[in-house]
Amino acid sequence: MRILKLFVLAAIAMMVFASYNTIPTHAQSGLTIGFSQIGSESGWRTSETVSIKAEAEKRGIKLLFDDAQQKQENQIKALRSFIAQGVDAILLAPVVETGWDDVLKEAKDAGIPVVLVDRGVKVDDDSLYLTKVSSDFVHEGRLAAAWLAQRTNGICQIVELQGTIGSSAAIDRQKGFADVIALFPEMKIIATQSGDFTRDGGKKVMEAFLKAQDPKTICAVWAHNDDMVLGAIQAIKEAGLKPGVDILTISVDAVPDIFKAMADGEANATVELSPNLGGPAFDAINDFKAGKEVPKWIVSTSPMYFPATAADEYAKRSAK
Ligand code: AHR
């Protein structure tokens, strides 16, 4: 009997030990990580914040969150405060590309790895950050232009709604789009202006475009994000035109509202930018801490979506 009891106790102990060992290592992380977020200019940005916070919680990471309200100086202050607090790592979603060398050097000197999430930076020495977790914005712009070229047989006068001036997302999407339309002599950008990645900005700029030229000459609006195109759709409707028919739309992000607009016949296509960047960013930090090699760019994919699947996608995504 005693032997049987000992056997049962040993078996229970082995099971407890085994289950303890199968807890993923990230769940035991106990790291403190600072996250400097740009702000909440778009639906996509809000989803990214929610997703990164949830991923941190799931992994037992203490996340120090700072909302920079679109200001680089606030991001620099937040980074300095994270460094002073001796965090284990920093996530940075940089509002613009340039002006980061000094503060990144301070983080590096303090031995704190910095992971760029979503947008990139231009620095003299790229060892100042550990890795960048983002999609390829140039590729997104190329995909958008290739779809428009195919949809219009390469004949289209386009108005462009740019994202935040100086941001890698705006610079690279503009470049990728321009690269492709340069191959089609009858595709031209007839007006371009920043709507700052906001719905309100997109609406105001589109209103100005519609006043400045005969709306019949505008074949399509290319927006660096869905929120701006959703604002533009409103402006097109208020001008008495049909968005998605009289003026085609193409944008980036794949937020739930663009699927609603596509299902309603008011938008034509979007390129998806995944907001779920926390998982790969935290994995990279864990790998770095474990002495493993971390690639300099962890690229997410950019699928495109069209009206045919929009109602289903909207149902799936708005239920989350
Ligand atoms: O940097 C990514 C861009 O920033 C998203 O496309 C946009 O919606 C956001 O505000």
Side-chain angles (χ1 to χ4, degrees), residues 35-52 67-72 74-75 91-98 100 115-122 129 131-145 160-177 193-206 221-233 249-261 267 269-278 280-281 297-305 317:
F35 174 26
S36 169
Q37 176 60 294
I38 293 168
S40 50
E41 70 281 1
S42 64
W44 183 89
R45 181 71 51 200
T46 304
S47 299
E48 189 207 27
T49 299
V50 169
S51 152
I52 291 179
D67 177 337
Q69 313 267 327
Q70 311 298 316
K71 291 200 172 78
Q72 182 178 34
N74 289 347
Q75 294 204 282
L91 302 189
L92 168 65
V95 61
V96 290
E97 265 189 342
T98 54
W100 299 102
V115 173
L116 306 176
V117 283
D118 154 44
R119 296 187 190 167
V121 295
K122 273 216 166 89
Y129 63 89
T131 183
K132 175 174 80 166
V133 179
S134 75
S135 73
D136 182 339
F137 296 143
V138 175
H139 180 60
E140 290 171 349
R142 287 184 184 147
L143 283 176
E160 178 180 49
L161 298 171
Q162 294 177 39
T164 302
I165 301 289
S167 68
S168 65
I171 294 167
D172 291 352
R173 285 174 187 162
Q174 183 172 43
K175 181 186 179 316
F177 193 88
Q193 201 178 310
S194 173
D196 223 4
F197 281 130
T198 68
R199 208 173 277 216
D200 195 42
K203 182 167 187 278
K204 286 196 178 115
V205 174
M206 193 68 201
V221 51
W222 146 236
H224 293 183
N225 81 345
D226 289 341
D227 274 67
M228 289 192 293
V229 113
L230 289 160
I233 286 171
T249 79
I250 169 72
S251 50
V252 185
D253 276 355
V255 295
D257 285 355
I258 200 72
F259 290 102
K260 170 91 174 67
T270 187
V271 182
E272 184 171 42
L273 171 66
S274 170
N276 304 321
L277 305 178
W297 186 7
I298 299 166
V299 196
S300 49
T301 54
S302 311
M304 286 194 77
Y305 290 90
R317 290 163 191 251

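Just follow the structure's listing: the first ligand is 1, and inside any ligand the first atom is 1.
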Under 4.0 Å between heavy atoms, the region of Val252 that gets near ligand 1 turns out to be neither
Does this structure show an ion pair linking Asp227 with Arg45, if we count only N-O contacts that are shorter than 4.0 Å?
no
If we number the atoms of ligand 1 from 1 as shown, the ones under 4.0 Å from a heavy atom of Leu273 are 2 (C), 5 (C), 6 (O)
Look at the side chain of Arg173 and the backbone N and O of Phe137, then say whether any donor-acceptor pair between them is shorter than 3.5 Å.
no
Atoms in ligand 1 with a heavy atom of Asn225 nearer than 4.0 Å
6 (O), 7 (C), 8 (O)
Between Glu41 and Arg199, does any NZ, NE, NH1 or NH2 come within less than 4.0 Å of an OD or OE carboxylate oxygen?
no
Got the closest protein heavy atom to atom 2 (C) of ligand 1, with its distance?
Asp118 OD1, 3.1 Å
Inter-residue atom distance Ile258.CD1 - Asn225.CG, 0.5 Å rounding:
9.0 Å
In ligand 1, which numbered atoms sit nearer than 4.0 Å to a non-hydrogen atom of Glu41?
4 (O), 9 (C), 10 (O)
Between ligand 1 and Asp253, can you find any atom pair, the residue atom being a heavy atom, that is separated by under 4.0 Å?
yes
Rounded to the nearest 0.5 Å, what separates atom CD1 in Ile52 from atom OG in Ser47?
11.0 Å
Measure the CZ-CD distance between Phe197 and Gln162 for me, rounded to the nearest 0.5 Å.
9.5 Å
Counting only heavy atoms closer than 4.0 Å, does ligand 1 sit against the backbone of Arg173, its side chain, both, or neither?
side chain
Counting from 1, what ligand 1 atoms have a heavy atom of Ser42 closer than 4.0 Å?
7 (C), 8 (O), 9 (C), 10 (O)
